Amino acid sequence: MSTKLTEQVTFYTEEHEWVTVHGELGTVGITKFAADQLGDVVFVETPEVGKVVKKGDDMAVVESVKAASDVYAPVSGEVVDANAVLADKPETVNEHPETEGWFCVIRLSHGEELSGLMDKDAYMEFCKSL
């Protein structure tokens with residue numbers, strides 16, 4: 001085994017995305033706060049595997065009964081997996097936004113970008129200020 005997986009750590013953005021980092025990979029989704037604000041999700045477009053994204057780029061789309069919203073890449077890298085379940089069951093984003101409702105997995109190309117993201121406590125404080 002060439003890469004030893006480290007403990008999983010989750011980071012958050014001001015745009016309400018989360019990324020759980022495990023080794024050189026990061027699983028990305030939207031937070032419960034964002035899912036609650038959107039209302040009932042009716043469509044999700046995940047990024048294609050192989051797509052290279054830069055931190056802050058729009059990489060996915062989530063549509064609800066209220067609005068359509070872009071989902072931004074919290075980190076730079078290559079998409080190595082996408083959650084195919086969301087095509088048939090977009091409501092998974094509402095039901096389990098921070099677990100089964102993940103959008104994609106990115107192989108991080110610039111791990112130092114994580115230092116600009118919030119931990120859970122900082123994110124919760126940020127949400128209180130909204």
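Fair warning: this is a prediction, and the values are worked out from it, not measured in the lab. If you read the sequence from its start, that first residue is 1, and numbering goes on from there.
- With hydrophobic clusters built from ILVMFWY side chains whose heavy atoms lie under 4.5 angstrom apart, Val61 does not share a cluster with Val41.
- Going from atom OG1 of Thr20 over to atom CD of Gln8 covers 6.5 Å, rounded to the nearest 0.5 Å.
- At a threshold of 4.5 Å between non-hydrogen side-chain atoms, the residues Ile106 and Leu25 do not count as touching.
- If you take CG on Leu117 and CH2 on Trp18, they are separated by 13.5 Å, rounding to the nearest 0.5 Å.
- Note that the OG atom of Ser129 and the CE atom of Met124 stand 12.0 Å from one another [nearest 0.5 Å].
- Under the 4.5 Å side-chain contact rule for hydrophobic residues, Met118 and Leu130 share a cluster.
- In the hydrophobic clustering of this structure, Val28 does not group with Val105; members are Ile, Leu, Val, Met, Phe, Trp, Tyr whose side-chain heavy atoms approach within less than 4.5 Å, directly or through other members.
- Side-chain atoms of Ser76 never come within 3.5 Å of backbone atoms of Lys54 as a donor-acceptor pair (strictly under, hydrogens ignored).
- Note that the SG atom of Cys127 and the CD atom of Glu14 stand 10.0 Å from one another [nearest 0.5 Å].
- In this model, a donor atom of one side chain and an acceptor atom of the other lie less than 3.5 Å apart for Thr31 and Tyr123.
- At least one donor-acceptor pair under 3.5 Å links the side chain of Glu17 to the backbone N or O of Tyr72.
- When every heavy atom of Ala60 is checked against every heavy atom of Thr46, the shortest pair comes out as CB-CA, 4.3 Å.
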Hey, can you pull the donor-acceptor pairs under 3.5 Å for the side chains in residues 80-89, sequence neighbours left out?
unit_1	atom_1	unit_2	atom_2	d
Asn83	OD1	Val85	N	3.2
Asn83	ND2	Glu100	O	2.9
Asn83	ND2	Trp102	O	2.8

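- Each of Val44, Val42, Leu38, Val71 was checked for a side chain to side chain contact (heavy atoms under 4.5 Å, CB included) with Val93, and the lone residue meeting it is Val44.
- Glu125 and Lys128 are joined by a salt bridge, as a carboxylate oxygen and a charged side-chain nitrogen come within less than 4.0 angstrom of each other.
- Residues Asp119 and Phe11 fail the side-chain proximity criterion, which asks for heavy atoms closer than 4.5 Å.
- Between Arg107 and Glu24 there is a salt bridge, since a side-chain N of the basic residue sits under 4.0 Å from a carboxylate O of the acidic one.
- Gly26 and Leu108 get closest at one heavy-atom pair: N-CD1, 3.3 Å.
- Taken together through direct or relayed side-chain contacts under 4.5 Å among Ile, Leu, Val, Met, Phe, Trp and Tyr, Val62 and Phe43 form parts of separate hydrophobic clusters.
- Taking CD of Glu98 as the reference point, atom OG1 of Thr27 lies at 12.5 Å (rounded to 0.5 Å).
- The main-chain N or O of Ser64 is never found under 3.5 Å from a side-chain atom of Asp40 such that the two would form a donor-acceptor pair.
- Between the side chain of Lys55 and the main chain of Glu113, a donor-acceptor pair closer than 3.5 Å is present.
- Taking all atoms of both residues into account, the shortest heavy-atom contact from Glu78 to Gly50 is OE2-CA, 3.6 Å.
- Hydrophobic cluster membership is shared by Met59 and Ile30, with clusters built from Ile, Leu, Val, Met, Phe, Trp and Tyr side chains linked at under 4.5 angstrom.
- Between Pro97 and Asn94, the closest heavy-atom pair is CD-O, 3.5 Å.
- Residue-environment remark: CD (Glu48) stays at or below the threshold of 12 foreign heavy atoms within 6.0 Å.
- Summarising the geometry, atom NE2 belonging to His22 is positioned 8.5 Å from atom OG1 belonging to Thr10; distances are rounded to the nearest 0.5 Å.
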